[in-house]
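From a predicted model like this one, the values you see are computed outputs, not experimental measurements. Every heavy atom of this structure was used, including side-chain atoms; hydrogens, water molecules and symmetry mates were not.
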Amino acid sequence: MATVTYDKATRVYPGQDTPAVDSLDLAIEDGEFLVLVGPSGCGKSTSLRMLAGLEEVDAGSIRIGERDVTHMPPKDRDIAMVFQNYALYPHMTVAANMGFALKISGTPKAEIQRRVLEAAKLLDLVEYLDRKPKALSGGQRQRVAMGRAIVREPQVFLMDEPLSNLDAKLRVSTRTQIASLQRRLGITTVYVTHDQIEAMTMGDRVCVLKDGLLQQVDTPLNLYDTPANVFVAGFIGSPAMNIATFDIIEGGRAKLGEADVSVPRSVLTKVSDEGSDLVTIGFRPESLVPVSSEDVGGIPVTVDVVEELGSDAFVYGHPAGPKAAEQTDRMRSDTVIARVEPRMAPAKGEKIVLKVREGESHFFSVKTGERIPQ
Ligand SMILES: Nc1ncnc2c1ncn2[C@@H]1O[C@H](COP(=O)(O)OP(=O)(O)O)[C@@H](O)[C@H]1O
Ligand SMILES: [Mg+2]
């Protein structure tokens, strides 16, 4: 077992002006399941490949435990990688696929058999050991790819979108299997996905990347509750947080079109210190409650769609009122999403007023996008 440390690790691809990964500082604990997440092209695979030794590190360094592996060949790093495309050898049985790396490294035959059987038991693959990959389902092939990594008993597992070839239902069950398997084995794991739900459900901690830059690394709940900036706020959570830029007006309030939200004093002070009279405000769908339209402070919304899911109901609407158009320009998305009591949802076309629950607004600097603490 081992820790993994990125120390200002940077990768600039030849011919590129900007780094694909820019001064990444990240300390992963021994036995931790760390997920790298972010939109396509943000540098997730590059970060992982730098750790694997498949991509050069142009500046900074990477350590596994106390070993500086920055310029070490991949085979000496004691890692095992699971890729999106499992690349199983089609002419070999499951057992031979799983044991292949051990065979290459000269492990005695009896030892290979022992480790393959042990991994096959863990992965529920014992009865398939003599089959060829083409006689397996997608989920079983994915497990063989996992098995191939497990038999090597590495210090670190690296996984790059290992579930993206599975259908939606299988992806959900397999992610639970991988997470519980990792916890049982206790092997430090770095897992890449572009899917924030996958990241949130699997990771001990989640590291959010954008344009090669680390945005925030924290536990799933801390990311959700206190996103460090507007990007993380909008990226983590489904349905997404409502985010818009408001004008600060008299009386500790912020206004946008017809929408009117209260702003705590500490935030007002910070914004005026910045010389601004604008603030970006975010509120999650579950932080909104319908109120009677006479209430002071609220967000008038016309209901477009209602999603009744049984346990939850979501209202998708657009800003209502004569000044609604100016509001839309300042919203991150043109819909307002609210979670309401299931079976009590308003009707399509109805006009409702939503209010943000006390203390549940998130505030961000318009200038930097950084969170303004309350
Ligand atoms: N071999 C390469 N040569 C040049 N640019 C690359 C290469 N591989 C990736 N990139 C670029 O580096 C950035 C990060 O890529 P990548 O790490 O694959 O992102 P992700 O895995 O998050 O989708 C992207 O802009 C991508 O186009
Ligand atoms: Mg990738």
Side-chain angles (χ1 to χ4, degrees), residues 1-16 18-38 42-89 97-108 111-112 115 119 145-162 178 181-182 185-193 203-205 207 209 212-214 217:
M1 299 225 285
T3 57
V4 170
T5 314
Y6 288 84
D7 191 353
K8 305 230 171 332
T10 299
R11 173 61 174 150
V12 187
Y13 285 108
Q16 302 293 313
T18 52
V21 176
D22 194 350
S23 302
L24 178 62
D25 274 323
L26 179 60
I28 303 166
E29 289 165 28
D30 189 11
E32 186 173 13
F33 196 124
L34 189 283
V35 180
L36 293 176
V37 71
C42 71
K44 304 179 294 294
S45 295
T46 305
S47 304
L48 200 69
R49 292 168 58 83
M50 287 158 84
L51 173 56
L54 302 172
E55 211 60 73
E56 262 177 68
V57 178
D58 296 299
S61 63
I62 300 180
R63 294 193 303 281
I64 297 178
E66 294 307 308
R67 293 182 299 145
D68 186 332
V69 301
T70 315
H71 304 292
M72 193 183 269
K75 65 174 176 45
D76 298 335
R77 296 191 182 203
D78 202 3
I79 50 141
M81 190 145 171
V82 182
F83 296 94
Q84 168 178 350
N85 130 21
Y86 326 127
L88 300 178
Y89 299 109
N97 264 289
M98 281 169 61
F100 188 67
L102 298 179
K103 189 172 163 191
I104 294 291
S105 69
T107 309
E111 172 72 6
I112 297 179
R115 289 208 218 167
M146 287 291 298
R148 222 166 28 174
I150 290 173
V151 296
R152 296 173 59 185
E153 300 176 356
Q155 284 201 309
V156 187
F157 282 135
L158 309 185
M159 305 187 195
D160 195 347
E161 314 231 8
I178 293 183
L181 185 64
Q182 191 275 341
L185 297 172
I187 295 179
T188 312
T189 299
V190 188
Y191 184 103
V192 163
T193 178
D204 291 320
R205 283 188 308 156
C207 170
L209 294 173
L213 289 165
L214 187 152
V217 50

Under the side chain to side chain contact (heavy atoms under 4.5 Å, CB included) criterion, do Arg63 and Asp7 qualify, and how do the steps go?
-> CA-CA 8 Å; Arg63 294 193 303 281; Asp7 191 353; 4.0 Å; yes
Going from [atom1] on [X] to [atom2] on [Y], what distance comes out if it is rounded to the nearest 0.5 angstrom?
X	Y	atom1	atom2	result
Thr3	Asp30	OG1	CG	7.0 Å
Cys42	Leu213	SG	CG	10.0 Å
Arg11	Asp58	CZ	CG	4.5 Å
Met146	Met98	CE	CE	10.5 Å
Arg77	Ile62	CZ	CD1	6.5 Å
Met159	Met81	CE	CE	10.5 Å

Please give me the minimum heavy-atom distance between [X] and [Y], naming the atom from each residue.
X	Y	answer
Gly31	Gln182	O-NE2, 3.2 Å
Leu54	Pro74	CD2-CG, 4.3 Å
Val57	His71	O-CE1, 4.0 Å
Ser47	Leu209	OG-CD1, 3.9 Å
Arg205	Ile28	NH2-CA, 4.0 Å
Tyr13	Ala20	CE1-CB, 3.4 Å

Evaluate the criterion side-chain hydrogen bond (donor to acceptor under 3.5 Å, both in side chains) for residue pair Arg67 and Gln155; output intermediate values, then yes/no.
-> CA-CA 12 Å; Arg67 293 182 299 145; Gln155 284 201 309; 3.0 Å; yes
Would you mind reporting whether [Y] and [X] have side-chain heavy atoms less than 4.5 Å apart?
X	Y	value
Asp160	Leu158	no
Val21	Thr10	no
Leu185	Ile150	yes
Val4	Leu51	yes
Leu24	Lys8	no
Leu48	Val190	yes
Ile64	Ile79	yes
Glu161	Lys44	yes

Show your working on side chain to side chain contact (heavy atoms under 4.5 Å, CB included) between Cys207 and Leu34 and close with a plain yes or no.
-> CA-CA 7 Å; Cys207 170; Leu34 189 283; 4.1 Å; yes
Using side-chain contact (heavy atoms from CB on, under 4.5 Å) as the criterion, list what pairs up with Glu111, not counting sequence neighbours.
->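 side-chain contact (heavy atoms from CB on, under 4.5 Å) check on Glu111 returns Thr107, Pro108, Arg114, Arg115.
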Would you say Glu153 has more than 12 foreign heavy atoms packed within less than 6.0 Å of its CD?
->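 Yes, CD of Glu153 has more than 12 neighbouring heavy atoms, counting only those of other groups under 6.0 Å.
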Is a side-chain N or O of [X] found less than 3.5 angstrom from the main chain of [Y], in a donor-acceptor match?
X	Y	value
Ser105	Lys103	no
Thr70	Ser61	no
Asp204	Phe33	yes

Under the side chain to side chain contact (heavy atoms under 4.5 Å, CB included) rule, what do Asp78 and Val156 come out as? Steps first, then yes or no, please.
-> CA-CA 7 Å; Asp78 202 3; Val156 187; over 6 Å; no
Is there a side chain to side chain contact (heavy atoms under 4.5 Å, CB included) between Thr188 and Glu29 once you walk through the steps?
-> CA-CA 7 Å; Thr188 312; Glu29 289 165 28; over 6 Å; no
